[in-house]
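The block underneath contains the structure these notes are about, expressed in structure tokens.
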Amino acid sequence: MESIIQNETVQHLLARRSIRRFRPDQISEEMLQTIIQCGFAAPSGMNLQSWHLIVVQDAALLEEINTAFVEYVRQHPPIPPVMVERLKNPLYSVFFRAPTCILVCFETEKGPTNSAFLAENMAIAAQSLGLGTCYVGGVLMYLNTPEGAPLMSKLQIPEGYTPAYFLCTGYPDEAPDARPRDLSKISYIR
């Protein structure tokens, strides 16, 4: 790859990794509000801001969702190979034991694009604060079932919104290497 300009923002973008092991200590309210403010600074088509966030820091609710999800996945094969491996660990958590999980939702009629901008702004902001993040969407497969409906209702998603994924956030307890990127997926028209 050609050399690129280096500055603090570029360094945070290149350093961001999906963290799947978090320390148990909760992030500060100041960090949380900073991450949210950065998310809301994201661009949105026609400034619609067609997103909604639900910040979940209730450890009991996260564990309740995790336990039900794990049981559901085990009872509904086929299980993707990556999940087979993860479920071998009796301490597995779909939220990777992150102390804060932000459920990113989008206005159903407007689509998910704006919420993706918001979420990535939050992930980069978290990285810049020394925090880690991981997008988690598979659990919604369960929450959108009749069995998951009682837990979905506990998340209090406003009418007219669709949950896209959780952005699990906290202090990282690992430092994974970058995975290779396929730069052949670029075309130039000059």
[X] and [Y]: side-chain donor and acceptor closer than 3.5 Å?
X      : Y      : answer
Gln49  : Asn47  : yes
Glu71  : Tyr142 : no
Thr100 : Gln26  : yes
Thr162 : Thr108 : yes
Glu29  : Gln33  : yes

Under 4.5 Å between side-chain heavy atoms, hopping through other hydrophobics if needed: is there a path connecting [X] to [Y]?
X      : Y      : result
Leu143 : Val56  : yes
Tyr92  : Phe95  : yes
Phe40  : Met31  : yes
Ile157 : Tyr165 : no
Val136 : Leu167 : no

Pair Glu174 + Arg17: basic N to acidic O under 4.0 Å: no
In plain terms, say whether Lys88 and Glu85 are close enough for a salt bridge, that is, a side-chain N and a carboxylate O under 4.0 Å apart. yes
Without swapping roles, check the side chain of [X] against the backbone of [Y] for a donor-acceptor pair under 3.5 Å.
X      : Y      : result
Asn121 : Cys38  : yes
Ser153 : Pro150 : yes
Arg181 : Ala178 : no
Asn114 : Gly45  : yes
Asn66  : Leu62  : no

What closest approach, in Å, do [X] and [Y] show between heavy atoms, and which atom pair accounts for it?
X      : Y      : value
Gln156 : Ile54  : O-CD1, 3.9 Å
Val73  : Met141 : CG2-CE, 4.2 Å
Ile36  : Val55  : CD1-CG2, 3.9 Å
Ile35  : Met122 : O-CG, 3.3 Å
Asp58  : Ala60  : OD1-N, 3.0 Å
Phe22  : Pro99  : CB-CD, 4.3 Å

Contact check, side chains of [X] and [Y], non-hydrogen atoms, under 4.5 Å:
X      : Y      : value
Val70  : Val94  : no
Ile19  : Asp173 : no
Phe106 : Tyr161 : no
Leu131 : Tyr171 : yes
Leu53  : Leu103 : no
Val104 : Tyr135 : no
Pro163 : Met152 : yes
Ser187 : Ile189 : no

From [X] [atom1] over to [Y] [atom2], what is the distance, rounded to the nearest 0.5 angstrom?
X      : Y      : atom1 : atom2 : value
Thr133 : Ile124 : OG1   : CD1   : 7.5 Å
Cys168 : Phe96  : SG    : CZ    : 7.0 Å
Leu118 : Thr113 : CG    : OG1   : 12.5 Å
Ser115 : Glu107 : OG    : CD    : 10.5 Å
Glu120 : Leu13  : CD    : CG    : 7.5 Å
Ile27  : Leu129 : CD1   : CG    : 8.5 Å

So with a 6.0 Å cut-off around [atom1] of [X], is the heavy-atom count from everything else above 12?
X      : atom1 : answer
Asp182 : CG    : yes
Glu30  : CD    : no
Gln75  : CD    : yes
Gln11  : CD    : yes
Ile186 : CD1   : yes

Salt bridge (Lys or Arg N to Asp or Glu O under 4.0 Å) involving Arg23 - partner list, sequence neighbours excluded: Asp25
Check whether the ring centres of Phe117 and Trp51 lie less than 6.0 Å apart, and answer yes or no. no
Kindly write out the residues that satisfy side-chain contact (heavy atoms from CB on, under 4.5 Å) with Leu91, not counting sequence neighbours, or none if the list is empty. Asn89, Arg97
For a side chain to side chain contact (heavy atoms under 4.5 Å, CB included) check, start with the C-alpha distance between His76 and Thr145, then their side-chain angles and the critical distance, and finish with the verdict. CA-CA 12 Å; His76 292 84; Thr145 65; over 6 Å; no
Those residues at least two apart in sequence (or on a different chain) that pass ring-ring contact (aromatic ring centres under 6.0 Å, His included) with His12 are none
Residues Leu140, Phe69; criterion side chain to side chain contact (heavy atoms under 4.5 Å, CB included); working and verdict: CA-CA 9 Å; Leu140 292 170; Phe69 169 75; over 6 Å; no
